[in-house]
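Atoms considered below: every heavy atom in the structure, side chains included; atoms not considered: hydrogens, waters and symmetry mates.
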Amino acid sequence: MMTKSPSDPATRHRRKSAPAVWRLGEGAPPAGPFVALVSGGDAPLLAVTLPASLKGPAREDVARRQVLDRLGLPASALDIRAARLGGAEGWARVLVADRGAVLRWRAALGAAASRCRALLPDYLALPTGSGVWTVVADAEGLQVRMGPGDGFSAEVELGATMLAAAVAQARAANALPRAVLVTGDMAGLAGPLEGLTVLRDGAPLPEGLTVAAFAHGELTLDLARDPRADAAVFERRLRRVALPLALVVLGALGWGGAVALGARHDLQAAAAIDAQTLAAARRDILPTGPIVDLRVQIAREIERRRAVLDPAPAALGPLDRLRVAAPVLAGFEAQVQGATISAADQGVTVEVRVDDFRALDAVMTALGEAGIAARITRSGTEPEGGVSAAILIGEGAP
């Protein structure tokens, strides 16, 4: 056994950011948050044999049955928890404690229960890490942490025997620790730790090794809380909200069904109307030929039939156009000096005289507003004053 002496205090293995610890029943608990400790002999870690493929709640149930069969006790007598230490999904140990003892520990917390972060066996409070074991020998006996996933507490003589068995098992599995941190009296430990690198409290760890307290999932094994009871409370709360939620879901489904049914009825009604419209169009308007665009084809057929029944009115003759334009010319006091009918296009050219070009523009505007097509073919001023113009009315006018 190679033993290293303590070095500078700065190298001591402090539990950084770890909560305060308090052994249950020894004095008053800390003022702030703390972890309460009970004797590890009353809450051991027991190994179970489980297939790697077994996961989740099924793995926990099988582990519980193994422990109950091994100890021959009813389920109500024990508090059994899966020890997922070190983040191992394929955990193979469970924390076991007498349920009556657990209830007494919880009651002993008293008013400090609200500040208690966890109630744990004392060996789970030891700092540890991968490749590092921790051994504490004090008045309570021997507390041993064999890496993140295992540990125990016992009287010194029994603990030394258990430690020797653990070393032998680790040697057989080629899994010996690279270092063992020992605090307290070394008496009785020299034999079990023979051949291992033993560091007395405060000695520096070999390069690459670190230790920490409560950094490997220990707080999840809190005996102050009952996971199954918490699950039962959650289930009761879920049941209370299940009925209103179910009613809301049923209401939403009913509303959605009504909307879907209404939409289907509307689609059926629209399809029936379309069929009736098409049948009526076939019967009365479009008896033959394909129907590509019903609206456009019906509009064209109606226009065609209207043209047959109401042909376009005959064009007005030259005299008729002159008779229509006469009131407009008279309204602007335009002097009609003559009218000529063109034999080629039946247009009527009216020679008029007005006061000025503005009056001539007004005459043309009035003719257009009256629906009379007209254009000026000649215009000019007269020596004696005024403006004369020739206005073509009808054929040939824009």
Side-chain angles (χ1 to χ4, degrees), residues 35 37-106 117-126 128-130 133 143-154 158-159 162-163 165-175 177 214-239 242:
V35 173
L37 303 180
V38 298
S39 173
D42 296 329
L45 285 173
L46 298 184
V48 290
T49 304
L50 302 171
S53 59
L54 200 60
K55 306 291 182 182
R59 190 177 184 88
E60 295 185 28
D61 291 341
V62 173
R64 287 177 58 84
R65 285 197 298 270
Q66 283 191 18
V67 171
L68 294 174
D69 291 344
R70 185 187 308 174
L71 299 180
L73 294 174
S76 59
L78 296 178
D79 193 317
I80 305 173
R81 299 162 186 255
R84 297 181 179 86
L85 296 171
E89 185 64 26
W91 50 269
R93 287 179 174 79
V94 293
L95 181 67
V96 181
D98 179 78
R99 187 175 296 277
V102 172
L103 295 177
R104 290 193 297 273
W105 295 336
R106 293 175 185 174
R117 293 186 55 183
L119 177 64
L120 300 174
D122 50 15
Y123 56 85
L124 289 182
L126 300 180
T128 189
S130 179
W133 290 11
Q143 302 159 36
V144 180
R145 188 73 184 275
M146 297 170 291
D150 199 5
F152 65 86
S153 294
L158 176 59
M162 295 174 65
L163 181 59
V167 171
Q169 184 178 2
R171 182 174 285 112
N174 197 24
F214 306 119
H216 310 285
E218 293 87 350
L219 299 183
T220 62
L221 292 172
D222 180 14
L223 292 170
R225 290 168 180 80
D226 188 344
R228 292 179 177 263
D230 293 343
V233 171
F234 177 76
E235 183 179 358
R236 287 195 297 271
R237 291 177 180 175
L238 186 61
R239 286 177 179 174

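In this structure, T220 OG1 and L124 CG are separated by 9.0 Å, a value rounded to the nearest 0.5 Å. To the nearest 0.5 Å, atoms CZ (R106) and CG (D222) are separated by 8.0 Å.
In this structure, the side chains of V62 and V48 stay at 4.5 Å or more apart for every pair of heavy atoms. Within the 4.5 Å cutoff, side-chain heavy atoms of L85 are placed close to those of L45. Using a 4.5 Å heavy-atom cutoff, the side chains of D42 and D98 are not in contact. Counting heavy atoms from C-beta outward, L219 and L120 have side chains that approach closer than 4.5 Å. The shortest side-chain heavy-atom distance between E218 and Y123 does not fall under the 4.5 Å cut-off.
Counting only distance, with no hydrogens or angles, the side chain of R145 and the backbone of A125 share no donor-acceptor pair below 3.5 Å. Judged by distance alone, with hydrogens and angles left aside, the side-chain atoms of D79 form no donor-acceptor pair with the main-chain N or O of A97 at under 3.5 Å. When atom types are taken as modelled, the side chain of R81 and the backbone of L95 share no donor-acceptor pair closer than 3.5 angstrom. Put simply, the side chain of R59 gets close to the backbone of P51: a donor and an acceptor are under 3.5 Å apart.
Across P121 and G40, no two heavy atoms sit closer than the pair CB-CA, 3.8 Å. Closest approach of L163 to F152, counting heavy atoms only: N-CZ, 3.7 Å. When every heavy atom of L50 is checked against every heavy atom of W91, the shortest pair comes out as CD1-CZ3, 3.8 Å. In plain terms, the two heavy atoms of A82 and E60 that are nearest each other are CB-CG, 4.1 Å. Closest approach of P148 to G86, counting heavy atoms only: CB-CA, 4.2 Å. The nearest pair of heavy atoms linking R99 to A75 is NH2-O, 4.0 Å.
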- [ ] Kindly determine whether L46 and R70 satisfy side chain to side chain contact (heavy atoms under 4.5 Å, CB included), including the steps that lead there.
- [x] CA-CA 10 Å; L46 298 184; R70 185 187 308 174; 4.1 Å; yes
TODO: Go through H216 and T128 one step at a time and tell me if the side chain to side chain contact (heavy atoms under 4.5 Å, CB included) criterion holds.
DONE: CA-CA 9 Å; H216 310 285; T128 189; 3.7 Å; yes
Open item on the list: Could you go through Q143 and L37, starting from their C-alpha distance and side-chain angles, then the distance that decides it, and tell me whether this counts as side chain to side chain contact (heavy atoms under 4.5 Å, CB included)?
Closed with: CA-CA 12 Å; Q143 302 159 36; L37 303 180; over 6 Å; no
